[in-house]
Amino acid sequence: MSDDHVYLTLAEGHEDDTRWAYGTGFEDPLHGVDTTVPDGVDAGGLAALCVTLADDALVAAQRLAEWTTRAPELEEEVALANIGLDLLGQARMLYSRAGQADGTGRGEDAYAYFRDAGDFRNVRLAELPNGDFAFTVVRLLVFSSWRLAHFERLTAHRDPVLAAIAAKGVKELAYHRQYAAEWAVRLGDGTEESHRRMRKAQEQVAPYLGELFTAYDVRDEVVAVLRQVTEAAGLPMPVYRPLPGSGRAGEHTEHLTPLLAELQGVARAHPEAAW
Amino acid sequence: MDTTHSSPPGADGAEPVLQRHFDATIARDQRIEPRDWMPEGYRKTLVRQIAQHAHSEIIGMQPEGEWITRAPSLRRKAILFAKVQDEAGHGLYLYSAAETLGADRADLTERLIEGRQKYSSIFNYPTLSFADVGVIGWFVDGAAICNQVPLCRSSYGPYARAMVRICKEESFHQRQGYELLMTMMRGTPEQREMVQDAVNRWWWPSLMMFGPPDDASPNSARSMAWKIKRHSNDELRQRFVDMTVPQAGKLGVTLPDPELRWNEERGHHDFGTPDWDELMRVIKGDGPCNAQRVERRRTAHEEGAWVREAATAHAVKQAARAEKGAVA
């Protein structure tokens, strides 16, 4: 048989284990980068900001992962996974930066797996259950437009590590926003049913918009994007309906605890284990 | 399936000439391409095989996909998420390869969810712990590679080319799976038990992935004559066993077969006989998860119908608007 060399290669020992994870992860996401927090940067504030941004991304990625094997078409399986993987990658780098900045040296998994819901600082928009594809599209459109506007500002952050993470994230988020906007237009314009579902999704998202615009001054920019997309989709602009509480203060919906139970269950059942 | 591409036998005087040309192409180990004439049986066999392969990639997302949300580290979560995404990509290439033969993806999906086309029986077994993710990578992707590397030389061009890319990614997945198991074997006693338990459950179903023994595989001879298939089921199974035994040794797990031993004379490992009755039961639909797997695929497809309809409706409206704009 002439395929022997292929099998021999597969059977060989590979001591360089990490390269098997090529493209999907690495031990230290900030390897080789000078991670000293610059003078004049408030390390505690930097760490808190990184955790907040990481929590948004991790929780959003977890919801996107739930779409796996449930997407309306194979192309959407691939696209939703892409977006989920980008956000997961952002979360990992941001948690690592937080661990360096807050002086604890905690790794990404300490933040993701060993904190409870009340310690998470993500916006509640990210934790809402997926609903139908229309809800996922509306949520993603809002989330990615908002995060992109914020990341664009962070590229000028005085912490060079956070600025570098943001610069990488900007490219990713621009694609996420594009994907969501294209689907918003297709679904808003498509059929009566898809239009009805988009309207409903907009109403479901509306109460969670106010929270996005309290901390960072990106509101006008995001509203302009949403206006452009909703017009093209033949949809009305979502109306704000303020909701008490704030994910940023650790006040969450009832949906975060079960999400974290699923995310953290195996890791917490084996706290001594290495994976 | 669209069968209008080739003439019915005997209806066309040119057919014997085309048949001789086809036979000569196969004999010279050259590729058959979509526009070439091919016998109807060759086309049907390929559509069936490529569709089953595509379905296997898509259904195969489920057993591991269930663990993306539960992966116990962010690195493992990213690796698994990317792997399952690759499988969706493989399904897409393979459906495209089937479409070059006149098949239609939507129609093939209907056949899958109506139970008229099969997928690999291995995906009808449950994933019970995170170690299963590693063992599936090691055994199931390993067995898939044994099956698929020879298909990179399959006589049908689009299938062969799709397999080249797929095999590269599968070999990557296999190493990732094995690396997870290595890490777990260096971990706690509970982790080592999880690995051994997963090995015990997946070993025999993995051996069954190569199909029934050669003397009970009636279609194999024809596929080999057409060079769609290059090696027999039993040859590939032997190859998988020989490849896996040293890896198991290095990992420190026991393969659950008391008859497994090196045979100096044959230069291969002897091994026990898989439970072929179990394989037939699973293929016929009575495996542990058959109903669940097909139901999930059906639900996703049906719940996505309004999205696909909306996309089509939007495209039609856009085209109409463009035309109107052009006229005006």
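So you know, we letter chains A, B, ... as the sequences are listed, proteins then strands, and number each from 1. All values below were derived from every heavy atom in this structure, side-chain atoms included, with hydrogens, water molecules and symmetry-related copies excluded.
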### Query
Is it the backbone or the side chain of A:Leu74 that comes under 4.5 Å from a heavy atom of chain B, or both, or neither?
both

### Query
Which region of B:Glu87, side chain (C-beta onward) or backbone (N, CA, C, O), has a non-hydrogen atom less than 4.5 Å from a non-hydrogen atom of chain A, or is it both or neither?
neither

### Proximal component of A:Leu58, with respect to chain B [non-hydrogen, under 4.5 Å]
side chain

### Query
Counting distance only, does the side-chain N/O of B:Arg308 pair as donor-acceptor with the main-chain N or O of A:Pro72 below 3.5 Å?
yes

### Query
Between the main-chain N or O of B:Gln85 and the side-chain N or O of A:Glu77, is there a donor-acceptor pair closer than 3.5 Å?
no

### Summary
Smallest heavy-atom separation, A:Val266 atom then B:Trp67 atom, equals CG2-CZ3, 3.8 Å

### Side chain / backbone / both / neither for B:Gln191 at chain A, heavy atoms under 4.5 Å
side chain

## Note on the structure
If one checks every heavy atom of B:Met194 against chain A at 4.5 Å, the contacting part turns out to be side chain

### Query
Can you tell me how far the CZ atom of B:Arg297 sits from the CZ atom of A:Arg70, to the nearest 0.5 Å?
12.5 Å

### Task
Identify the heavy atoms of A:Leu85 and B:Ala78 that sit nearest to each other, and give their distance.
CD2-O, 3.5 Å

#### Entry: chain B contact via A:Phe133 - which portion, at a heavy-atom distance below 4.5 Å
both

#### Entry: Under 4.5 Å from a heavy atom of chain A, the part of B:Arg76 involved
side chain

### A:Gln228 CD: over 12 foreign heavy atoms closer than 6.0 Å
no

### Point-to-point distance, once rounded to the nearest 0.5 Å, from CG of B:Leu74 to CG of A:Leu263
7.5 Å

### Task
Against chain A, work out which of B:Ala305, B:Gly89, B:Ala315, B:Ala71 has the most heavy-atom pairs shorter than 4.5 Å and name it.
B:Ala71

### Portion of B:Leu80 that has a non-hydrogen atom of chain A nearer than 4.5 angstrom
neither

### B:Glu309 (side chain) donor-acceptor with A:Ser194 (main chain) under 3.5 angstrom
no

#### Entry: Leading residue by heavy atom contact count with chain A [cutoff under 4.5 Å; candidates B:Met184, B:Lys317, B:Gln62]
B:Lys317

#### Entry: Residue pair B:Gly65 / A:Thr68: nearest heavy atoms and the distance that separates them
CA-CG2, 4.5 Å

#### Entry: Closest non-hydrogen atom pair between A:Arg186 and B:Ala311, with its separation
CD-CB, 4.1 Å

### Summary
From the list B:Val307, B:Ile68, B:Thr69, the residue making the most non-hydrogen contacts under 4.5 Å with chain A is B:Thr69

### Message
Nearest 0.5 Å, please: how far is NZ in B:Lys77 from CD in A:Glu108?
### Response
11.5 Å

### Electrostatic pair B:Arg105-A:Glu73, nearest N-O below 4.0 angstrom
yes

### Message
Between B:Arg296 and A:Thr69 (side chain of the first, backbone of the second, donor and acceptor by atom type, cut-off under 3.5 Å), is there such a pair?
### Response
no

### Closest non-hydrogen atom pair between B:Pro72 and A:Trp275, with its separation
CG-CD2, 3.3 Å

### Query
chain B: which of A:Asp189, A:Thr191, A:Leu259 shares the most heavy-atom pairs with it under 4.5 Å?
A:Asp189

### Message
Need one label for A:Arg197: side chain, backbone, both or neither, based on atoms under 4.5 Å from any heavy atom in chain B.
### Response
side chain

### Query
At a heavy-atom separation under 4.5 Å, does A:Val185 approach chain B through its side chain, its backbone, both, or neither?
both

#### Entry: A:Glu272 versus B:Thr188, side-chain donor and acceptor atoms under 3.5 Å
no

### Query
Does any heavy atom of chain B fall under 4.5 Å from the side chain of A:Ala65, the backbone, both, or neither of them?
both

#### Entry: Contacting moiety of A:Ala91, where chain B heavy atoms sit under 4.5 Å
neither

